[in-house]
Protein chains: 2
Amino acid sequence: MSVKLRFYLNETLYIKDPQDSKLGRKIIQYSVEIISQIGFEAFTFKKLAAEIHSTEASLYRYFENKHLLLLYLVNWYWEWVNYLITLNTMNIRDAKKKLEIVIRSLVFASEDNSLVEFINESKLHRIVVFEGAKAYHTIDIEKENSVGMFKSYKDLIAVISGIVLEVDPDFKYPHALASSLFEMANNQLFFARYLPKLTDVSSKKNYDVEVEKILNYFLNKLLF
Amino acid sequence: MSVKLRFYLNETLYIKDPQDSKLGRKIIQYSVEIISQIGFEAFTFKKLAAEIHSTEASLYRYFENKHLLLLYLVNWYWEWVNYLITLNTMNIRDAKKKLEIVIRSLVFASEDNSLVEFINESKLHRIVVFEGAKAYHTIDIEKENSVGMFKSYKDLIAVISGIVLEVDPDFKYPHALASSLFEMANNQLFFARYLPKLTDVSSKKNYDVEVEKILNYFLNKLLF
DNA sequence: CAAAAATGATAGTAATACTATCATAAATGA
DNA sequence: TCATTTATGATAGTATTACTATCATTTTTG
């Protein structure tokens, strides 16, 4: 059996849909590779073109600039996490359990058998933890938001806040909690690894497991 | 009476201390001005030099590059908030009240009579909300951290987590809570303004007051 | 198999992020 | 006060970045 997973991302993010062609998928695959290695600042279309034996001109036919490429990747991540949560909570009754799955999805962001062969989800997750905030802290936020470039983020937060309300229908700020949970997961993973004084993890290995614990502890106190 | 406030920031952040000279203070003052207006990406030393009728070469004698200038500003902000919290909780007994002051300091980040004439704190706050994350999500984080470039952030978190423990000595993750509180304040302010679906503020005006409410609500549930 | 679409190859440009050098102005200390 | 150090300005130059344009060559598709 061969199942293919495909997300439909907002059309304003790209000039030509990279999922539709071999070159496009290579762009995605290797941009994840390179950005996760050298960081977004040092990443250039020239380096990417060299890596995949293409040319800058060809890349510019897919993405207007590297900022929108990053935003595309981050949107893809938002869809991915949304998919993980939806899939894994589907047959769960207990809302409390669902929330645990949400946290697990945010912290690990992975699945045993990936269904998208051209994206390395764990490297993409590293990019989101490291560079994610740069994708939406931009001076053009209002314009970009008005054309739907953050739709996937809003959809994800809507899903999570729905689960929050299942657990505690009286909780006053479900969206704020959901977005905070998303951001906290990324920030605490980052801090645990690079600025451990800003968090409370004891070891540098398996800090993801500890971050998961922290988030569960917080949510339990907040909602029950 | 003339009181001057001066923070001692980590020496690796600058080449020459900008607080020590007229030109240096102008650099700080107008970089805050320009970055808050056009954003960090569009900000260049050339533009700043033109604005203050100086030259690029002179600016490079103070800061190695614009990234370190931003990091300097953000460090200044961390010190500033730390100062606000310390000052305003000094004569307070009730730990619960102290935490409210922490939140107020993070959300408003201002004082009626500023003691530093060359820094506009509310514009600096806007920069931190908008660009702050870029200052520490960098590929050189390990090197920068090892020379003390994030000391002010750690100090601030130490102070806040101390207050958290005063309120609830058994709270298991005071540092994670403190850093989350700091990041949440900035993120929720940003979302309230630009991506309101990611939070729960009703109006676009006075969203800071609403964010303050949300944070207090969260903390009350978490700690009492 | 012809036409259309995608990609490659190459060139060029304005702006960015610096570095270097020398001249001049300001501050300092004996 | 004057000599000397220090700070700043003026100018020039360079490698890299972030694109845009044009034309040739493949590849895809009806």
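Atom C1' of nucleotide C:dT16 and atom CG of B:Leu48 are separated by 15 Å, given to the nearest angstrom. If you take OH of B:Tyr62 and P of D:dT6, they are 14 Å apart, rounded to a whole angstrom. A:Leu23 has its CG atom 17 Å from the P atom of D:dT26, to the nearest Å. Distance CD1 (B:Ile15) to C1' (D:dT6): 16 Å, rounded to an integer number of Å. Atom CD1 in A:Ile52 sits about 10 Å away from atom P in C:dT7, given to the nearest Å. The distance from atom NZ of A:Lys16 to atom C1' of C:dG8 is 12 Å, rounded to the nearest whole Å. Atom NZ of A:Lys22 and atom P of C:dT7 are 11 Å apart (whole Å). Here C:dA17 presents its C1' atom at 13 Å from CG of B:Leu68, a figure rounded to the nearest Å.
The pair B:Asp155-B:Lys151 counts as a salt bridge, with a side-chain nitrogen and a carboxylate oxygen less than 4.0 angstrom apart. Salt-bridge annotation for B:Glu131 and B:Lys134: present, with a side-chain N of the basic residue lying under 4.0 Å from a carboxylate O of the acidic one. Salt bridge absent: B:Asp208 and B:Arg193 never bring a charged side-chain N and a carboxylate O closer than 4.0 Å. Comment: B:Glu121 does not engage B:Arg126 in a salt bridge, judged by the lack of any side-chain N to carboxylate O separation of less than 4.0 angstrom.
Aromatic rings from B:Trp80 and B:Tyr83 are positioned such that their centres are separated by under 6.0 Å. Side-chain rings of B:Phe63 and B:Phe45 stay apart, their centers remaining 6.0 Å or farther from each other. Aromatic pair A:Tyr136/B:Tyr194: ring centres not closer than 6.0 Å.
At the phosphate of C:dA5, neither OP1 nor OP2 sits under 4.0 Å from any side-chain N or O atom of A:Ser21. Of the side-chain N and O atoms in B:Ser54, one or more sit less than 4.0 angstrom from OP1 or OP2 of D:dG9. Between A:Ser58 and C:dG8 there is a side-chain polar atom (N or O) within less than 4.0 angstrom of OP1 or OP2.
Axis orientation changes by 30° from one end of the helix from C:dC1-D:dG30 to C:dA30-D:dT1 to the other, with each end axis drawn from 5 pairs and the value rounded to 10°.
Side chain to side chain, A:Ser202 and A:Glu210 meet the donor-acceptor criterion of an N or O pair below 3.5 Å.
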Mind listing the N/O atom pairs, protein and nucleotides 15-18 of chain D, below 3.5 Å?
none

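For the salt bridge (charged side-chain N to carboxylate O under 4.0 Å, His left out) test with B:Glu33, the passing option among B:Lys47, B:Lys123, B:Lys26 is B:Lys123; the others fail.
When each of B:Arg61 and B:Glu64 is assigned the nucleotide of DNA chain C bearing its nearest heavy atom, the one mapping closer to the 5' terminus is B:Glu64. Place A:His67 and B:Gly24 on DNA chain D by their nearest nucleotides, and B:Gly24 ends up nearer the 5' end.
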